[in-house]
Structure formats: structure tokens, C-alpha cells
Amino acid sequence: MKFALWAGLGILIAAPASAGAISALWGREVVLIVPEAPELVSLNRTDWVKGQPVAPLYGTPVGSMRIVFPDAAKTIVPEEDPSLTLYKNERGDHPLQARTLWFFARWLALAGLALAAVGAGFSIN
Amino acid sequence: MLKVTVALAAIFALIQDDGTTYYVGHSPKFVNITFQSDMDLEVIVGVSNKASGEIVLKRKIEESSVSLTVPVDSLKTGIDMRDEHLRNEMWLDAKNYPDITFKSKKVKDAGKGTYEVTGDLTLHGVTKEITVTVASKEILADQAKAAKFPAGQWGKFTTEFDVKLSDYGVKVPEMSATKVNDTWKVKIAIYGGTGKPEKK
């Protein structure tokens with residue numbers, strides 16, 4: 001059962017480490033938007049005044065989140081605010097969120113902890 | 001001050017003497033309805049680009065009205081299986097209740113181009129009174145032409161509100177308690193035009 005102990009500890013460490021690495025290396029902080037058509041974006045721009053929110057020019061903002069493996073074709077860096085990154089979520093889209101990776105990593109880590117505990121229990125006995 | 005005056009003039013320009021009816025549903029690009037559920041697993045984002053209805057604006061704002069219909073099967077969350085679940089009898093039961101509808105009962109001017117609209121939201125066969133704040137904006141003729149709008153006068157109407165599924169008889173299944181929140185944030189951005197949409 002030493003194998004269970006070490007395997008459990010391995011999973012306990014590897015799961016969150018993997019989620020963190022994937023998120024750090026391939027994730028991007030974005031404001032998710034449900035986009036409007038380009039001609040409507042041009043229309044929205046005609047009334048925009050500096051200082052007003054930028055994301056609504058391009059569509060309906062959903063909120064800030066970290067997207068993993070973002071598709072460059074769906075990424076917008078608005079000329080009105082280049083510090084912002086918008087990500088288009090069109091009807092039928094389902095981008096991978098870092099939140100999802102962390103959700104599964106937590107459960108895997110718990111499973112690893114349980115496995116390690118079982119292994120430790122048998123090892124002691 | 002000038003900008004406020006122009007904005008107010010633009011808002012009143014939306015309303016002709018007898019009232020102006022803005023029809024919704026000319027094209028999917030003129031309908032942007034999002035609904036989201038924030039959960040530990042992910043933020044579920046659903047989209048519909050299909051709606052029909054009318055927004056009638058009158059000089060006496062309290063005589064104005066809003067009616068909107070959104071087909072349940074137009075709601076897409078990005079995962080086909082999840083969309084099927086959303087439509088089945090455990091959730092929105094699209095077979096028996098194919099549409100989500102809103103019909104206003106009272107409209108009040110809330111100032112600065114916004115209106116407080118009270119009406120009946122019907123979802124899953126259950127009707128509840130809700131009050132939402134709607135912002136309206138006139139699309140000027142040259143703007144509409146540049147954006148290739150169909151003929152007629154156009155306005156943009158936006159609102160957002162929360163919907164608690166359990167209030168409408170939708171019981172979130174136990175096994176998906178970690179996945180779907182009972183409260184959904186709904187955001188609506190629609191363009192209405194005075195020309196009637198073509199029947200399809």
C-alpha cells in the first residue's frame with residue numbers, strides 16, 4: 001500500500017500544479033462578450049465618448065474571466081482601450097475556462113489525499 | 001448640458017405623436033439575449049439571437065407597452081447535450097412551454113433615457129410580475145443607413161435582470177446542484193424598427 005500513499009501524494013500535488021501551469025502558460029484574462037455584428041459596433045462607436053465603458057461597444061459583456069487556449073480569431077484588443085482584451089462568445093461557443101480546470105484539480109487533489117490517507121493507514125498497520 | 005439636451009431630444013424623437021411601434025425580430029443580428037449562471041465549475045453563458053415582439057412608445061409614456069417572445073429552443077449554451085437538457089421536461093420543458101414571453105402592464109419614465117417597465121414574465125408555464133429598467137437610444141437616419149439597417153426608424157433597447165428558476169417551477173435537479181445556479185442573469189440588447197419584419 002506504499003504505492004497508494006505515494007500515488008495519492010503525487011496526485012495531490014500534480015493536480016493543482018498542472019491546473020496552475022496550464023492556466024499560467026496558456027490562459028488569458030479576458031472580458032467575455034456576446035458580440036454584436038461589425039456594422040453595429042461601428043454604430044456604437046459613433047456615440048462613444050472617452051471615459052465610457054469600452055466592452056459594450058463590441059457586444060454584451062458577460063464578465064471577466066481567464067480563458068485557457070483562447071482562439072486568436074475570437075480575441076479583440078479594442079483600439080479604444082488596448083489594455084483590455086475582449087473574447088467573443090458567439091451562440092454555440094463554449095471556451096475552456098481556467099475555473100473549470102481548477103474545479104477538477106480540487107476534486108482530483110481530494111481524491112489523491114484520500115488515496116494517500118488509505119495508503120498511509122495500511123502502511124502504519 | 002448640450003449633450004443632455006441632444007440626448008433628450010433624441011429620445012423624444014423616438015416617439016411620434018400617435019406613438020411609434022418598434023418591431024423586434026428583423027434579423028438575428030438585431031437580437032442579442034444572453035443568460036448566465038455563475039458556478040464553481042464554470043460560468044455558463046447562453047445566447048439567443050431570436051425574438052419577436054413590439055415596443056410601442058407613446059408621448060404619454062405610461063401608455064407605452066412592450067411585448068417580447070423568445071423561443072426556448074433558440075437558447076444555446078455551447079454544449080448540445082446541455083441544451084437538450086435545458087429543453088427537456090426537467091428544466092424549461094420546451095415541448096409544453098415553447099416560448100418565454102414578457103408583456104408589460106406599466107411603463108414609467110425613469111429619467112435619462114430609461115424606463116421602468118413592469119410586466120408579466122412567463123417561463124415554464126408560470127407567470128410572475130417583474131420590473132425592469134430599459135434604456136433606449138435612437139439610431140439616427142444616417143447611422144442606420146451606414147449600418148445597413150432596413151428601411152424605417154430604429155431604436156436600441158437594453159435591459160438586464162435576474163431570473164430565479166425555482167420561482168417559475170423549475171427545480172434544479174439534485175445531481176446538478178454543483179453545476180447550475182438557481183439564479184440566472186439575463187441581459188437583453190435588441191434593435192427595433194418601425195418596418196415590420198418579413199415573415200419567414
Side-chain angles (χ1 to χ4, degrees), chain A residues 19 23 27 29-53 55-69 71 74 86-110, chain B residues 3 6-7 10 26-50 74-83 113 135 137-149 154-156 158-160 178-179 184-191:
Chain A
S23 177
E29 291 292 334
V30 301
V31 173
L32 200 76
I33 60 164
V34 176
E36 290 199 331
E39 55 270 31
L40 298 179
V41 174
S42 299
L43 172 67
N44 292 335
R45 280 202 182 109
T46 58
D47 291 331
W48 183 78
V49 170
K50 197 174 178 182
Q52 289 177 339
L57 293 179
Y58 292 84
T60 301
V62 170
S64 297
M65 61 183 67
R66 194 166 183 86
I67 298 288
V68 183
F69 308 119
D71 180 350
K74 293 193 175 281
L86 306 179
Y87 196 82
K88 294 192 280 186
N89 188 103
E90 287 159 300
R91 189 165 170 264
D93 285 350
H94 185 235
L96 179 61
Q97 300 169 26
R99 180 191 287 212
T100 306
L101 288 183
W102 282 109
F103 179 87
F104 286 112
R106 274 196 302 274
W107 283 103
L108 270 174
L110 272 172
Chain B
K3 275 188 190 149
V6 168
H26 296 77
S27 160
K29 78 172 181 181
F30 295 133
V31 176
N32 191 327
I33 298 173
T34 69
F35 54 101
Q36 73 185 80
S37 169
D38 287 358
M39 295 304 298
D40 285 345
L41 173 65
E42 63 175 345
V43 176
I44 297 174
V45 180
V47 181
S48 170
N49 297 118
K50 202 170 175 185
S74 71
L75 307 177
K76 299 279 183 204
T77 65
I79 298 176
D80 289 344
M81 189 177 286
R82 182 163 61 195
D83 294 341
K137 190 186 92 162
E138 184 199 8
I139 311 294
L140 300 174
D142 56 343
Q143 292 174 328
K145 192 177 174 187
K148 297 171 197 166
F149 280 64
W154 286 82
K156 182 177 184 180
T158 56
T159 186
E160 56 183 82
T178 56
K179 276 195 165 185
W184 291 64
K185 292 181 194 168
V186 176
K187 297 179 184 178
I188 298 176
I190 51 179
Y191 293 81

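Lettering follows sequence order; numbering is per chain, from 1. What you see is a predicted model, and the numbers here were worked out from it, not measured in a lab.
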message: Applying salt bridge (Lys or Arg N to Asp or Glu O under 4.0 Å) to A/Arg99 and B/Asp40, what does each step give before you reach the verdict?
response: CA-CA 7 Å; A/Arg99 180 191 287 212; B/Asp40 285 345; 5.9 Å; no
message: Applying the side chain to side chain contact (heavy atoms under 4.5 Å, CB included) criterion to B/Asn32, which one of A/Ile33, A/Thr60, A/Leu40 satisfies it?
response: A/Thr60
- prompt: Counting only heavy atoms not in A/Asp71, do more than 12 sit closer than 6.0 Å to its CG atom?
  reply: yes
- request: Check whether A/Ser42 gets within reach of chain B through its side chain, its backbone, both or neither, counting any heavy atom under 4.5 Å.
  value: neither
message: Does any backbone or side-chain atom of A/Asp93 lie under 4.5 Å from a heavy atom of chain B? Answer side chain, backbone, both or neither.
response: backbone
field: Counterpart residues, ring pair (Phe, Tyr, Trp, His ring centres under 6.0 Å), relative to B/Trp184 (two or more places apart)
entry: B/Phe35
- prompt: Measuring from B/Glu42:CD to A/Leu101:CG, what's the distance to the nearest 0.5 Å?
  reply: 11.0 Å
- prompt: With A/Glu29, which residues qualify under salt bridge (Lys or Arg N to Asp or Glu O under 4.0 Å), at least two apart?
  reply: A/Arg66
message: Whether B/Lys156 and A/Glu36 form a salt bridge (side-chain N of Lys/Arg under 4.0 Å from carboxylate O of Asp/Glu) is what I want to check.
response: yes
task: Might you confirm whether atom NZ of A/Lys74 has over 12 heavy atoms from other residues, nucleotides or ligands at distances under 6.0 Å?
output: yes
message: Would the distance check show the side chain of A/Arg91 and the main-chain N or O of B/Leu75 forming a donor-acceptor pair, the cut-off being under 3.5 Å?
response: no
- request: Kindly indicate whether the side chain of B/Val47, heavy atoms from C-beta on, has any atom under 4.5 Å from the side chain of A/Glu90.
  value: no
message: Looking at B/Lys187 and A/Pro61, would you say the former's side chain and the latter's main chain have a donor-acceptor pair under 3.5 Å?
response: yes
field: Closest approach of A/His94 to B/Thr77 (non-hydrogen atoms, all atoms of both residues)
entry: CD2-O, 4.2 Å
- prompt: chain B heavy atoms under 4.5 Å from A/Leu32: which part of the residue, side chain, backbone, both or neither?
  reply: side chain
message: Between A/Glu39 and B/Lys148 (side chain of the first, backbone of the second, donor and acceptor by atom type, cut-off under 3.5 Å), is there such a pair?
response: no
message: Please classify the contact between B/Thr34 and chain A as side chain, backbone, both or neither, with a heavy-atom cut-off of under 4.5 Å.
response: side chain
- request: Counting only heavy atoms closer than 4.5 Å, note whether A/Pro38 contacts chain B via side chain, backbone, both or neither.
  value: neither
- request: Kindly compute the distance separating CD (B/Gln143) from CG (A/Leu43), expressed to the nearest 0.5 Å.
  value: 5.0 Å
